[in-house]
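Notes to accompany the following structure.
All values reported here derive from a predicted model rather than from experimental measurement. By convention in this document, chain letters (A, B, ...) are assigned in the order of the sequence lines, proteins followed by strands, and residues within each chain are numbered from 1.
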Amino acid sequence: MAERKLRVMVAKPGLDGHDRGARVLARCFRDAGFEVIYTGCHQTPEQIAAAAIQEDVDLVGLSCLSGAHRYLFPAVKKQLVERGADDIMVIGGGIIPDQDFQYLYDNGIKAIFTPGATLDSIVEWINNNVKPRE
Amino acid sequence: MEKVKKIKAGDVRTASRLIRNLEDGVKEARSTIKHLFPLTGKAQVVGITGSPGAGKSTLVDGLVEQFRKRGKTVGVLAVDPTSPFTGGAILGDRIRMQRHAEDSGVFVRSLATRGALGGLAKAVGDAIHVMDVMGMDVILVETVGTGQQEVDIINHSHTVLVVLIPGMGDEIQAIKAGIMEIADVFVINKADREGSSKLRREIMAMLDMAPPETFASGWRPPIVRVENAFEPDSFGKSMEELTDTIAKHHEHLVAKDLLGSRIRRKAAVELHEAIRSCVLEPILNHLVAEGEIEGMIQKLMDKKTDPYTLAEEVARRFLKEGV
Ligand SMILES: Nc1nc2c(ncn2[C@@H]2O[C@H](COP(=O)(O)OP(=O)(O)O)[C@@H](O)[C@H]2O)c(=O)[nH]1
Ligand SMILES: [Mg+2]
């Protein structure tokens, strides 16, 4: 059997149109050997969840710079769960104040990366925590 | 089989998981295909090929809209290249199609080439079967678009669109290099740009020069101009025309009894592929895993034997009846 390949979706929910960071992340994931599905900006949580299921990804990485992460990140997780895909992991990145971390963890977001995080540390986290599902 | 039932009912989760398992070469997925195969053959498959940036994904998005308006369900398989250095891939075709993400009559799946040459991914043929059994009326397959000879698409499609854009001098070269033989319809994309009339003339001239038997069935590939994708009204009209042209080509295949020969071609290719992956690959994998291959290579380097003698030995060992 060929090896399992990790499939990761990089998505930008909400209104902010700055996708430079998301593109950098997508390239970095490709260089780490993942198959990256990039969906572009201005995605609704419903669109992201539907796409994640159609693409059978192991992980959804959300990027949000607009400050709406408290609403958007949990909304994506909720949409996935409602569609029977609670096994798809969700992580988030962006300008996220410390005091929001616990709230996001409590709502199913597995990890949060702020602008200080190195790309290597994100890849390392994924390699340690996400296994392609059986 | 539970999985087959779910796929027949159009369950996206089960289908996308199965496609994943087919890509990853999971054995059990192969046995599911055995059950699906008898149910296939209903969908109309349209291939879209052309250089990177020619606007293939944008075109696919426009076609999805048209087919939906005509009451058809649509599957999309979009192929992007795997990096030969890292094995990773960025699959970005979806960006142009995300507005359909929530439409339950549309199923978009991105595939990476994973080393396959010829513009497609190895799993494309089986992924088409899966979408077919799900009940997708139309399946649009977008090739990588490396500009290399992406002729594999013809093995899987009923209709092939070759997408060209004005102002790229090398286009006609690419056509000469073999793309022309596979085109059922030429699309001049971004026709708002300078040079679209010239490109049209060049394609016409090239078709005129083709040997007469090329169009013996009575179909000479039409050229459809597609207006700027950022002008929704004129683009929509172009998409209507293109969708009509695809339908006309399909009618032609049916009327001239040519559908059968395309289906036969697909069957032949699938058989070749299957023999390769069920016979050749396991033998090679075994030889590699047991380290035998290294010894054989060494023998060749020492000129102790030749490749044919070795291959015949392998055949005697692994194949009961002999060849
Ligand atoms: N000017 C112009 N640009 C277009 C048109 N169609 C697509 N594009 C742009 O061309 C680029 C590549 O399009 P895409 O559909 O991704 O091409 P693909 O690589 O062949 O799939 C994108 O930036 C599109 O926005 C068009 O009709 N006119
Ligand atoms: Mg594309």
Distance-only check: which donor-acceptor pairs under 3.5 Å involve side-chain atoms of residues 116-134 of chain B, not counting sequence neighbours?
residue, atom, partner, partner atom, Å
B:His129, NE2, B:Glu270, OE2, 2.5
B:Asp132, OD1, B:Lys42, N, 3.3
B:Asp132, OD1, B:Ala43, N, 3.2
B:Asp132, OD2, B:Gly41, N, 2.6
B:Asp132, OD2, B:Lys42, N, 3.4

**Toward chain B: residues of residues 21-60 of chain A with heavy atoms under 4.5 Å** =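 Near chain B, by residue number: A:Ala26, A:Arg27, A:Arg30, A:Asp31, A:Gly33, A:Phe34, A:Glu35, A:Val36, A:Ile37, A:Tyr38, A:Thr39, A:Gly40, A:Gln43, A:Thr44, A:Glu46, A:Gln47, A:Ala50, A:Ala51, A:Ile53, A:Gln54, A:Glu55, A:Asp56, A:Asp58.
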**For chain B, which residues of residues 108-117 of chain A have heavy atoms nearer than 4.5 angstrom** =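 If one takes a 4.5 Å heavy-atom cut-off, no residue of residues 108-117 of chain A lies near chain B.
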For residues 67-76 of chain A, dump all side-chain donor-acceptor pairs below 3.5 Å to protein atoms at least two apart in sequence or in another chain.
residue, atom, partner, partner atom, Å
A:His69, NE2, A:Asp100, OD2, 2.8
A:Arg70, NH1, A:Asp100, OD1, 3.1

**Charged N-O contact under 4.0 Å between B:Arg94 and B:Asp80** =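 Here B:Arg94 does not pair with B:Asp80 in a salt bridge, since their nearest N and O are not under 4.0 Å apart.
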**Message:** Check this for me: does any side-chain nitrogen of one of B:Arg96 and B:Glu142 sit under 4.0 Å from a carboxylate oxygen of the other?
**Reply:**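 Result for this pair is no, no salt bridge flagged.
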**Nearest non-hydrogen partners of A:Ile96 and A:Gly93, listed with the distance** =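 That would be CD1-C, 3.9 Å.
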**Message:** Only pairs of heavy atoms separated by less than 4.5 Å count here; which of B:Arg109, B:Glu102, B:Glu281 has the most with chain A?
**Reply:**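 Looking at each option in turn, the highest pair count goes to B:Arg109.
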**Prompt:** Between B:Lys72 and B:Gln66, is any pair of side-chain heavy atoms under 4.5 Å apart?
**Reply:**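 Heavy-atom side-chain distance check fails, nothing below 4.5 Å.
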**Message:** Heavy-atom pairs under 4.5 Å with chain B: which of A:Arg83, A:Lys5, A:Arg7 has the most?
**Reply:**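 Going by pairs under 4.5 Å, I would pick A:Arg7.
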**Request:** Under 4.5 Å heavy-atom distance to chain A, tell me which part of B:Ser83 shows up: side chain, backbone, both or neither.
**Result:**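 The side chain, not the backbone.
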**Asked** Which bit of B:Val76 comes within less than 4.5 Å of chain A, counting heavy atoms only: side chain, backbone, both or neither?
**Response**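 Interface part for B:Val76: neither.
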**Request:** Starting at OG1 of B:Thr243, measure out to CZ of B:Arg70 and round the result to the nearest 0.5 Å.
**Result:**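 Between atom OG1 of B:Thr243 and atom CZ of B:Arg70 there are 4.5 Å.
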